[in-house]
There are 2 protein chains.
Amino acid sequence: MGVTIKDIAKSAGVSYSTVSKALRDSPLVKEPTKKRIIDIAGQLGYQPNAAARSLVSKKSHTIGIVWPTIERAAHAALITSLNQRLEQLSYTTLISINEMEFAINTFNRYQVDAILAFDDGENIHNYQSTVPIVSYGIANSASVYPTVDANRRKAIQTAVEYLGSAGHQKIIYIGDMLGEDRLQQEKTTGFKQAMTGLYPADDVSSRLIQVAGLEQYDGYAAAREVFEAQELPTAIVSGSHDLTRGILRAVHEKGLSIPNDISIISYDNLPESDDMEVPLSTVGVPLAAISDKLADVLMATIQQENTDTAIYLEPELKISGSSRKLDDSAVSRGEAYHG
Amino acid sequence: MGVTIKDIAKSAGVSYSTVSKALRDSPLVKEPTKKRIIDIAGQLGYQPNAAARSLVSKKSHTIGIVWPTIERAAHAALITSLNQRLEQLSYTTLISINEMEFAINTFNRYQVDAILAFDDGENIHNYQSTVPIVSYGIANSASVYPTVDANRRKAIQTAVEYLGSAGHQKIIYIGDMLGEDRLQQEKTTGFKQAMTGLYPADDVSSRLIQVAGLEQYDGYAAAREVFEAQELPTAIVSGSHDLTRGILRAVHEKGLSIPNDISIISYDNLPESDDMEVPLSTVGVPLAAISDKLADVLMATIQQENTDTAIYLEPELKISGSSRKLDDSAVSRGEAYHG
DNA sequence: ATAAATAATAACAACGTTGTTATTATTATA
DNA sequence: TATAATAATAACAACGTTGTTATTATTTAT
């Protein structure tokens with residue numbers, strides 16, 4: 001069994017309550033005594049028993065993350081970033097990859113201080129939990145728990161509208177529109193809405209390119225098929241960073257030039273990746289903004305401050321070398337064209 | 001705050017100790033009483049407080065997994081499989097993606113029953129822990145904790161030796177030999193050892209093809225470069241399933257035929273994937289075997305049974321349509337060649 | 001019908017910790 | 001030097017649960 005404060009107390013010749021105070025750096029115990037106790041605790045390799053501590057304090061200083069879709073490596077980067085942020089706030093992160101309801105029950109038993117549910121499929125708002133829940137996914141009127149929404153729909157819309165205003169008409173979207181993943185569906189919806197808004201006469205469906213998966217190769221394969229077809233699009237909106245990497249390879253291979261022959265805007269949360277050949281135009285909420293907001297909402301929820309149940313993050317459009325304005329349009333809108 | 005057995009006791013008009021027994025289905029409480037209590041507990045949405053329970057029982061029925069490399073999606077499938085296996089054994093899994101020492105301390109505080117460390121980098125055998133640790137990685141004489149080793153070195157050796165005995169000489173290995181990941185390094189070592197054993201005169205280094213990453217596209221890119229070169233290898237050993245998928249695409253694209261022009265054996269743990277165009281020859285310890293063994297070792301460790309500190313799993317060579325014997329060799333060894 | 005046996009339930013201690021209250025040791029004040 | 005004030009430490013209760021022991025209710029045997 002582990003070392004307890006009683007062991008330390010015995011070894012230091014003081015009462016165990018003094019040990020408790022010393023270790024929590026209470027001013028109620030004299031400096032030299034404190035030091036002696038801390039030293040002994042270190043020597044014995046003492047680790048406070050979380051069960052006992054959370055039993056009495058009713059706080060565990062732990063956040064439980066429910067992440068049932070571990071295999072779709074999707075949120076890995078976000079979880080890493082959030083984990084760091086929470087560590088700064090002296091919270092510990094535990095992850096469960098179990099099915100949503102089971103995971104929520106587990107975290108209830110463990111009395112974590114709050115649960116973060118990565119919700120890209122089912123609706124979590126039916127589950128009961130005495131531990132407060134925060135959801136990361138898609139906000140809507142039925143949300144009962146605070147839901148942070150990276151507003152993927154608006155992100156893609158923004159990209160499309162920008163491309164439209166830059167004179168592009170032959171815009172395609174490469175992404176997943178058939179899968180179960182509601183986050184992907186949102187992006188598709190954004191594309192459709194924006195395109196229908198810009199070019200009501202067009203048939204949007206022909207501009208949607210379905211991928212076989214969300215990895216780099218899938219982007220590559222999809223783009224290649226596109227390039228086989230008769231007419232090249234002037235702009236591509238890509239559903240994810242990985243897909244974009246593949247698309248870029250296909251562009252390269254086809255001998256096309258970016259952004260002269262084709263413009264690309266990628267949905268992306270990641271901080272600027274410098275291993276790109278071309279500085280990439282991106283749209284999306286930056287990873288740090290998401291994890292900061294998630295941490296904020298979690299803390300607020302723990303502090304019983306009630307927050308909105310729908311928290312939309314603002315996607316950022318970052319225009320860089322991989323996209324350009326089409327000459328005619330730029331002219332027609334009275335804007336100069338900058339190569 | 002959550003519902004406790006005292007709330008249930010009050011509501012049922014019995015003492016809380018009776019509630020405790022009823023919920024644990026003790027024969028010490030009369031059937032109708034038991035039923036009534038269980039019903040009430042259900043209605044109130046009672047979840048036993050894990051802190052209190054593990055405090056008194058000194059068991060948490062929880063396994064902590066340390067997985068600092070979440071972003072290298074590597075072990076995702078294994079963790080999923082193991083999670084299921086442990087659920088069958090009525091253990092709950094919690095994951096920490098923190099740095100090894102921090103994660104181990106966290107799990108010590110939580111008094112999990114055992115820790116599983118995915119150890120593909122640093123050496124965990126220095127860390128102190130009162131909770132028993134099991135490691136999944138590379139076993140060696142310095143291992144102080146039981147270490148389950150999928151024997152990647154031997155797996156690749158087996159593949160190479162098989163190919164050698166099938167008459168192949170121009171064998172290449174596509175994989176990662178430069179990264180930090182010791183698991184990958186093991187595979188490379190296996191390839192080198194087997195090749196040097198078979199063809200001492202050859203320069204092995206020219207047969208090692210370094211990939212840029214471990215994703216499908218990286219396999220594709222590496223294979224393509226190989227196929228540009230003068231002389232085609234007769235056989236490829238691939239370091240991972242994803243790489244293999246890419247390699248196959250490159251083979252296709254080049255118009256080569258498998259296994260007539262080229263044989264492929266892939267390192268792989270996954271159960272047969274049927275989305276392959278060619279039934280794949282693979283080598284490796286099956287995923288289920290790994291997770292079963294990990295679960296076994298964890299249980300044994302919890303039960304204080306002492307196990308070996310080095311547990312090597314036996315890789316399986318599964319020869320299928322993607323590889324063939326070379327005619328001359330088959331003849332020279334007196335074996336018939338089956339197309 | 002009553003004592004003895006047994007079934008059912010209640011009461012209590014313990015797990016390791018924290019916060020509060022009580023006790024003892026030390027210092028300051030007269 | 002005695003006394004009040006304060007500093008330092010010790011003792012205690014509580015958190016929610018389980019396992020053991022004590023009590024009460026019920027059955028069995030005579």
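What you see is a predicted model; the values in this text were computed from it and never measured.
Between the side chains of R85(A) and Q88(A), a donor-acceptor pair is found at a separation under 3.5 Å. Using modelled atom types and a 3.5 Å distance limit, the side chains of S60(A) and S54(A) yield no donor-acceptor pair. Between S17(A) and S20(A), the side chains place no donor N or O within less than 3.5 Å of an acceptor N or O (distance only, hydrogens not considered).
Of the listed nucleotides (dC15(D), dT9(C), dT9(D)), dC15(D) has the atom at the smallest distance from the side chain of V56(A). Taking the side chain of A52(A) as heavy atoms from C-beta on, and the options dT17(C), dT9(D), dG16(D), the nearest nucleotide is dT17(C).
Rounded to whole Å, atom C1' of dA14(D) lies 17 Å from atom CZ of R53(A). Counting to the nearest Å, the P atom of dT17(C) and the NZ atom of K58(B) are 11 Å from each other. One interatomic measurement links the two molecules: OH of Y110(B) to P of dG16(C), which rounds to 18 Å at whole-angstrom precision. Rounded to whole Å, atom P of dC15(C) lies 14 Å from atom CG of L55(A). In this structure, L28(A) places its CG atom 14 Å from P of dT18(C), rounding to the nearest Å. Here the P atom of nucleotide dA10(C) and the NZ atom of K6(B) are 15 Å apart, to the nearest Å. Taking atom CG of N108(A) as the reference point, atom P of dG16(D) lies 15 Å away to the nearest angstrom. The distance from atom NZ of K34(A) to atom P of dT9(D) is 10 Å, rounded to the nearest whole Å.
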Exercise for the section: Evaluate the criterion side-chain contact (heavy atoms from CB on, under 4.5 Å) for residue pair I95(B) and I97(A); output intermediate values, then yes/no. Expected result: CA-CA 8 Å; I95(B) 299 171; I97(A) 59 172; 3.6 Å; yes

Exercise for the section: Dump the intermediate steps for side-chain contact (heavy atoms from CB on, under 4.5 Å) on I311(A) and K293(A), then the final yes or no. Expected result: CA-CA 9 Å; I311(A) 299 142; K293(A) 176 55 89 175; 4.1 Å; yes

Practice task
Starting from the C-alpha separation in whole Å, work towards a yes-or-no answer on side-chain contact (heavy atoms from CB on, under 4.5 Å) for V29(A) and V14(A).
Solution key: CA-CA 11 Å; V29(A) 27; V14(A) 298; over 6 Å; no

Problem - Trace of the side-chain contact (heavy atoms from CB on, under 4.5 Å) decision for I290(B) with N269(B) - result: CA-CA 9 Å; I290(B) 304 176; N269(B) 296 313; 3.8 Å; yes

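Taking the six-membered ring where tryptophan is involved, the planes of Y110(B) and Y110(A) are tilted, since the angle between them lies from 30° to 60°. Ring-plane geometry between Y136(B) and H75(B) is classed as perpendicular, the angle between the planes exceeding 60 degrees on a 0 to 90 degree scale with a lower cut at 30.
No engagement by S54(B) is indicated, since no non-hydrogen atom pair under 4.0 Å with the nucleic acid exists.
The side chain of T4(B) places no N or O atom within less than 4.0 Å of a non-bridging phosphate oxygen (OP1 or OP2) of dC15(D).
Of the possible donor and acceptor atoms, none in the side chain of D292(A) sits under 3.5 Å from a partner among the backbone N and O of A289(A).
Within residues 7-26 of chain A, the residues approached by DNA chain C to less than 4.0 Å at the level of any non-hydrogen atom are Y16(A), S17(A), S20(A), K21(A), R24(A), in residue-number order. Of the residues in residues 39-50 of chain B, Y46(B), P48(B), N49(B) come within less than 4.0 Å of DNA chain D through at least one heavy atom, sorted by number.
For the pair P27(B) and I5(A), nearest-nucleotide mapping onto DNA chain C gives the more 5' position to P27(B).
In terms of heavy atoms, A52(B) sits closest to N49(B) at N-OD1, 3.0 Å. Closest non-hydrogen pair, I104(A) versus I133(A), comes out as CD1-CD1, 3.8 Å.
Across the helix from dA1(C)-dT30(D) to dA30(C)-dT1(D), the helix axis at one end is tilted relative to the axis at the other end by 60° (nearest 10 degrees, each axis from five pairs).
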